[in-house]
Amino acid sequence: MTEENDLDELRKLARPLRAEANEEMLLRLRLRVADRITRPTVLDVLVNWFRPVALAVAAVIVILTTLLVQQDQSQSTEMLAQITPVSLSGEDLYRD
Amino acid sequence: MIGRELARVSSGTLAFVFHEALQDPTPRAVDIEDPFESRAIREARKGDPTAYDYLVTKYGRRALGIAIGFVRNHSDAEDLSQEAFIRAFQTLGRFRDGQPFGPWVYRIVTNLAIDHLKKSRRRPVPAPIAEAEVSTSRADDADRAIDSRQMGARIERAIESLPDMQQVVARLSLIEEFSHREIAAMMNLAEGTVRSHLTHARSRLRAELQDLRTP
């Protein structure tokens, strides 16, 4: 008996062991895979949570920076306005 | 021709295309490129759920069958098959275009099943065995009359007694009836190595099951 014939005979003997999945199992598998594929991952959840927080923090930083810059500019303007010219021994000096 | 027709189909009708492709009763060999499958893989990479479903519907039944064959438990087999498809989809980027998806997912499910058996350290309980369609002539022979359930259990035990790799190759070849080439692709082995494992497995099984064989 050749090896291939021998294997064919073993296949015939083993055929009852072959398991076939039914329609119900296949349908369940399709639904479970679809659910896993569309379900957000931990990373997605973190990103979705972090995005609005990051936007809020960024907005606060922008507002604070703008306020500080404005305050700084108004202080500089006030300081310039307070400079008074002083003359001493014919030379012009300046004092705050 | 199908490829040209496919090219005309807009992405909005993908669900219909994949559905129609699944109705095609022509069995496709592993080495024949399926244009629907190639397209499904491309669309799945972009995250199209219809494309994922096409691939699960096409290969799910066989993947489940392989898993049940190893773990002999429908619930575990469903878990393993689900995990195999998810892993396959998560690594689609590494998948080479033009290659059939089937052997890849079968390989993942086989490896998961082997790991599962190693972890659980349970001896698989033989599943109910289908009515033997094979041994009608033998069943007629009073001397060789043997209940298909008992015979299945004996074959199962004989296969389980093989060394790990021979067992896997024997299952895939003798029970699942994959070709040497398909097993080689699934297990990432050379075809010669598959043949060698199978030759050794055959010798052992022949000795174990001598009384079941035709004279």
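Bear in mind the structure is a predicted one, so any value in this text is a computation, not a measurement. Residue numbering restarts at 1 for every chain, and letters A, B, ... go by the order of the sequence lines.
Here the side chains of B:E43 and B:Y52 are not in contact, with every heavy-atom distance at 4.5 Å or above. Two residues are said to be in side-chain contact when any heavy atoms from C-beta on lie closer than 4.5 Å; B:I159 and B:R171 meet this criterion. Using a 4.5 Å cut-off on side-chain heavy atoms (C-beta onward), B:L174 and B:I155 make no contact.
With a 4.5 Å cut-off on non-hydrogen atoms, A:R30 touches chain B through its backbone and its side chain both. Both the backbone and the side chain of B:I175 come within less than 4.5 Å of a heavy atom in chain A.
Below 30°, between 30° and 60°, or above 60°: for B:Y59 and B:F101 the angle between ring planes is between 30° and 60°, a tilted geometry.
Top candidate by heavy-atom pairs under 4.5 Å with chain A, chosen from B:E83, B:Q82, B:E177, is B:Q82. Between chain B and the options A:I37, A:D8, A:N22, the largest number of non-hydrogen pairs under 4.5 Å is found for A:I37. Among the candidates A:T38, A:L26, A:L27, the residue making the largest number of heavy-atom pairs closer than 4.5 Å to chain B is A:L26. Put simply, of B:E176, B:E78, B:R62, B:Q90, the one with the most heavy-atom pairs under 4.5 Å next to chain A is B:E78.
Side-chain polar atoms of A:R32 and B:S81 form no donor-acceptor pair below 3.5 angstrom.
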